[in-house]
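Within every chain, numbering begins at 1; the chains are lettered A, B, ... in the order of the sequence lines, protein sequences first and strands thereafter.
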Number of protein chains: 2
Amino acid sequence: MNKYHQIYSDIVADIDNQRFVQDDKIPSESELMLSYEASRGTVRKAVDMLQERGYVQKIHGKGVFVLKPGNIEFQLSGIVSFQEMNERMGRKVESQVVELAEVAADAALSKAMRLAEGAPLVKIKRVRNIDGENVILDVNHFVAALVSGLSREVAAGSIYRYIEQQLGLTISYSQRIIEAQPCSDDDRRYLDLNGMDHVIVVKNLTHLYDGRLFEYTESRHRLDKFYFTDIARR
Amino acid sequence: MNKYHQIYSDIVADIDNQRFVQDDKIPSESELMLSYEASRGTVRKAVDMLQERGYVQKIHGKGVFVLKPGNIEFQLSGIVSFQEMNERMGRKVESQVVELAEVAADAALSKAMRLAEGAPLVKIKRVRNIDGENVILDVNHFVAALVSGLSREVAAGSIYRYIEQQLGLTISYSQRIIEAQPCSDDDRRYLDLNGMDHVIVVKNLTHLYDGRLFEYTESRHRLDKFYFTDIARR
DNA sequence: CTTGATTTGTGCGTATGTATG
DNA sequence: GCATACATACGCACAAATCAA
């Protein structure tokens with residue numbers, strides 16, 4: 001682990017464990033320089049990361065103040081998979097793979113993914129059950145050339161973990177689009193909709209470190225189970 | 001304008017105006033150092049900002065590559081007001097102020113805003129009309145002690161502009177929550193719902209530079225007119 | 001009102017490491 | 001091996017905001 005990353009994650013841990021609580025001032029740059037035997041630039045990089053990710057607010061001439069109340073579920077910005085998120089929140093979650101097939105990119109997909117029409121994809125459809133109700137339908141499309149060996153066993157667990165740890169690919173960033181859509185036939189077939197006629201769709205275009213797109217996913221959420229939060233800065 | 005900010009905004013302009021297009025490599029750090037007579041740290045800070053905001057992707061040993069296709073409506077992360085956003089997209093937009101009153105914080109508001117119950121607030125309710133339809137209902141609650149002189153004339157324009165330019169306050173960050181809710185009576189009264197029974201609610205807790213909360217806003221969108229996009233990083 | 005101490009902001013320079021081609 | 005390009009880390013100087021003496 002890098003030095004700045006060490007400082008960063010130590011302070012994150014201090015906030016999560018309530019050693020620093022909301023409105024506390026964290027140690028000044030010079031104090032951190034001493035305690036970590038680091039240069040000012042290194043310390044500043046760590047604190048800048050904390051601010052970007054919504055943990056703290058720096059105020060010129062005063063200090064650096066903690067924003068979040070301790071630990072909490074707060075899903076700040078970042079790519080977090082369904083599996084990772086719900087593990088953190090301690091919910092009873094099950095995934096059921098209802099489809100896994102090799103398909104060719106149709107017109108809509110090839111446009112969205114900027115791929116040649118007919119390019120081979122692996123399509124996975126999963127139903128997410130939270131506390132006894134089917135509330136999310138995930139439809140993934142992976143670029144077959146990049147992601148090999150996707151089985152039902154892998155799909156039942158965390159696909160991201162498989163991709164990063166087994167295939168050794170580095171996931172870097174994702175463009176995310178959130179919108180509402182009328183329910184599709186699939187929604188009605190797989191989800192417990194309780195009469196609701198729309199779903200919230202989170203589209204994800206996920207890219208590797210070198211910029212190659214490797215996945216297009218639609219995550220279709222029942223209206224009353226959707227929740228998204230982040231921190232925006234001017 | 002700072003030096004790093006100058007470099008940053010020059011490159012943003014180059015991307016928006018398609019002088020750099022998707023997958024182009026921008027000048028290397030050493031080239032930017034020469035052309036701006038800047039140190040490496042300054043150049044790197046500018047490029048880091050570009051990456052954080054989703055304009056580029058840095059790849060170790062190769063260069064820095066442009067992600068976005070030129071200009072476009074892409075609503076990247078950041079606090080952008082309704083007014084600012086639609087001005088960019090060239091839409092025909094009208095705002096109607098349907099309520100403006102001094103109120104006291106009730107239990108729900110005082111909890112959400114972490115204020116004393118009964119604290120004085122300025123409540124503004126506005127209907128947003130886009131291309132002839134009422135599709136957004138904005139309900140703002142400003143802390144009266146911080147935001148004075150809010151009139152109907154100000155509310156009809158950009159309140160943010162008034163706050164920053166007239167009152168001289170610096171808006172810094174905002175916690176944003178997105179979720180769906182069943183329609184309220186107000187939604188039915190003010191919006192053209194076309195039979196839809198839910199709205200998407202964007203809650204904003206906006207803070208000043210010194211960390212003081214000055215606004216709680218609910219922006220209630222008709223399902224089919226809601227759209228949100230950003231870039232998430234690992 | 002002024003001064004000084006503290007703290008963050010901006011900018012410079014340098015050295016060394018690591019990934020790519 | 002070598003050149004190029006980004007990554008990490010160190011150091012220094014001065015500016016600007018805040019606060020207390």
Side-chain angles (χ1 to χ4, degrees), chain A residues 1-11 20 23-53 55-67 168-173 207-212 233-234, chain B residues 1-11 20 23-53 55-67 168-173 207-212 233-234:
Chain A
M1 180 131 48
N2 298 328
K3 212 160 180 177
Y4 70 81
H5 198 279
Q6 184 65 56
I7 301 173
Y8 163 82
S9 49
D10 282 358
I11 298 175
F20 297 141
D23 299 331
D24 273 3
K25 190 156 73 161
I26 70 170
S28 72
E29 290 174 357
S30 47
E31 287 170 320
L32 290 171
M33 285 168 67
L34 289 174
S35 61
Y36 282 96
E37 291 181 318
S39 71
R40 191 158 168 232
T42 304
V43 167
R44 281 180 62 78
K45 173 143 191 174
V47 177
D48 285 348
M49 284 173 63
L50 289 167
Q51 166 153 314
E52 280 157 33
R53 300 178 190 199
Y55 288 101
V56 301
Q57 170 76 4
K58 300 164 73 168
I59 301 185
H60 193 169
K62 292 184 80 169
V64 178
F65 299 86
V66 175
L67 290 181
L169 299 174
T170 307
I171 295 166
S172 171
Y173 68 94
H207 300 255
L208 299 177
Y209 174 69
D210 64 4
R212 285 181 296 177
R233 293 189 173 272
R234 259 293 209 206
Chain B
M1 180 131 47
N2 298 331
K3 209 160 182 177
Y4 70 82
H5 198 280
Q6 184 65 54
I7 301 173
Y8 165 81
S9 50
D10 282 357
I11 297 175
F20 296 140
D23 299 330
D24 274 2
K25 189 157 73 161
I26 70 170
S28 72
E29 291 174 357
S30 48
E31 287 169 320
L32 290 171
M33 285 170 68
L34 289 173
S35 60
Y36 282 96
E37 291 181 318
S39 71
R40 181 135 181 254
T42 304
V43 166
R44 280 180 61 79
K45 174 144 188 170
V47 177
D48 285 348
M49 286 172 63
L50 288 167
Q51 167 153 314
E52 279 157 35
R53 299 179 190 199
Y55 288 100
V56 300
Q57 171 76 4
K58 298 163 73 167
I59 300 184
H60 195 164
K62 293 182 81 168
V64 179
F65 298 86
V66 175
L67 291 181
L169 298 174
T170 307
I171 295 166
S172 170
Y173 68 95
H207 299 255
L208 300 176
Y209 174 67
D210 64 4
R212 284 181 296 178
R233 290 187 176 276
R234 259 293 209 209

Measure the distance from [atom1] on [X] to [atom2] on [N] and round it to the nearest whole Å.
X: A:Glu29; N: D:dA9; atom1: CD; atom2: C1'; result: 15 Å
X: A:Met1; N: D:dA7; atom1: CE; atom2: C1'; result: 17 Å
X: A:Met33; N: D:dC10; atom1: CE; atom2: P; result: 9 Å
X: A:Phe65; N: C:dT7; atom1: CZ; atom2: P; result: 11 Å
X: A:His60; N: D:dC14; atom1: NE2; atom2: C1'; result: 12 Å
X: B:Tyr8; N: C:dT10; atom1: OH; atom2: C1'; result: 18 Å
X: A:Leu34; N: D:dC10; atom1: CG; atom2: P; result: 13 Å

Establish, with yes or no, whether the OP1 or OP2 oxygen of [N] is under 4.0 angstrom from a side-chain nitrogen or oxygen of [X].
X: B:Lys3; N: C:dC12; answer: yes
X: B:Lys58; N: D:dA5; answer: no
X: A:Tyr4; N: D:dT8; answer: yes
X: B:Lys45; N: C:dT10; answer: yes
X: B:Arg44; N: D:dA7; answer: yes
X: A:Thr42; N: D:dC10; answer: yes

> Between B:Tyr173 and B:His207, how do the two ring planes meet: parallel, tilted or perpendicular, split at 30° and 60°?
Replying inline: parallel
So what does [X] hit on the nucleic acid, given a heavy-atom distance under 4.0 Å: a base, only sugar-phosphate, or nothing?
X: A:Glu37; value: sugar-phosphate
X: A:Val47; value: nothing
X: B:Gly41; value: nothing

> Hey, is the main chain of B:His60 close enough, under 3.5 Å, to the side chain of A:Tyr209 for a donor-acceptor pair?
Replying inline: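 Side chain of A:Tyr209 to backbone of B:His60, a donor-acceptor pair under 3.5 Å: yes, one is there.
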>> If we ignore hydrogens and angles and just use 3.5 Å, is the side chain of B:Lys25 paired with the main-chain N or O of B:Lys62 as donor and acceptor?
In response: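 Here the side-chain-to-backbone pair exists.
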>> Using the side-chain heavy atoms of B:Lys62, tell me which of these nucleotides is nearest: D:dC6, D:dC19, C:dG21.
In response: C:dG21
> Which nucleotide, D:dC6, C:dG11, D:dA15, lies nearest any side-chain atom of B:Ser28?
Replying inline: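 Among D:dC6, C:dG11, D:dA15, the one nearest the side chain of B:Ser28 is D:dC6.
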>> If you compare all heavy atoms of A:Pro27 against all heavy atoms of A:Leu32, which two are closest, and at what distance to 0.1 Å?
In response: O-CD1, 3.7 Å
